[in-house]
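The structure appears right after this line, and notes come after that.
Starting from 1, each residue takes its place in the sequence as its number. All values below come from the heavy atoms of this structure, side chains included, with hydrogens, waters and symmetry mates left out.
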Amino acid sequence: MKIGIMGGTFDPIHIGHLLLGEFAYEQFQLDEIWFLPNGNPPHKDVTNTEGSLSHRIKMVELAISGTPHFKLSIHEAVKTEHAYTYKTMQEFHNLYPGNEFYFILGADSLFSIEQWKYFREIFPTCTILAAMRDDKDIAEMQKQIFHLTETYGAKIELLCAPLLEISSTTIRKRAAKGLIIRYMVPDSVAAYIKERHLYRGEEES
């Protein structure tokens, strides 16, 4: 099977995540997209209480419900130590040797990947699908892809997808103020956040 991997804190998951997964699924004729909520991300400050993690997992479940090729994986969420991409992809590569993995990331991550921990270990385990920000970035992205391919033997493809200017931070700030977050997240996720008063009282700069 050809499996797309979408990692993130998903705090909360939003329409941009889902569109990126759907376009990867279509463009590269994948069989499934696995959404991996990260329980203990190394580069983000997440309120990693059991409640917070369970809420993030539940929101992913709600968001992907009804889309058979979208799957939830709690492979990283159950880990108590930091979950690094290289480690996760090595584990998937060993656990599912018959699968072909495609790791989905944004343009910013493509340019910063050499700062990731043991980033070289990622390349043998998967093909990277790098989402373009817009047409003007194609030349720079192709230059970066050439660099990573020639230097490290990476397998990288450009992913054409509409990248919306939506961030989980913006959604949390709006939810904290009781503002509408509809159209930014699926209705089921918006209802879940409202019913459980998630992010209320948070003070973010």
* Could you verify whether a donor N or O on one side chain and an acceptor N or O on the other, from His93 and Glu100, lie under 3.5 Å apart? => no

* Is atom CZ of Arg196 surrounded by more than 12 heavy atoms (other residues, nucleotides or ligands) closer than 6.0 Å? -> yes

* Taking everything shown except Glu81 itself, do over 12 heavy atoms lie less than 6.0 Å from its CD? -> yes

* Is the NZ atom of Lys155 crowded by more than 12 outside heavy atoms at less than 6.0 Å? -> yes

* Asked: Is Glu157 reaching over with its side chain to a backbone N or O of Tyr102, donor-acceptor style, under 3.5 angstrom?
  -> no

* Hey, are Thr88 and Thr85 close enough side-chain-wise for a donor-acceptor pair under 3.5 Å? -> no

* **Pair Trp34, Glu32: side-chain N/O donor-acceptor within cut-off below 3.5 Å** => yes

* **ILVMFWY network linking Phe146 to Leu159, side-chain heavy atoms under 4.5 angstrom** => no

* Are Glu61 and Lys71 within salt-bridge range, i.e. N to O under 4.0 Å? -> no

* Asked: According to a 4.5 Å side-chain heavy-atom criterion applied to Ile, Leu, Val, Met, Phe, Trp and Tyr, with indirect links allowed, do Tyr118 and Leu148 form part of one hydrophobic cluster?
  -> yes

* Rounded to the nearest 0.5 Å, what's the gap from CD1 on Ile193 to CE on Met59? Could you check? => 5.0 Å

* With side-chain hydrogen bond (donor to acceptor under 3.5 Å, both in side chains) as the test, would you mind laying out the steps for Tyr199 and Asp11 before giving the verdict? => CA-CA 10 Å; Tyr199 312 120; Asp11 192 24; 2.8 Å; yes

* Structure fact -> Closest non-hydrogen contact found for Leu72 with Ile64 is N-CD1, 3.6 Å

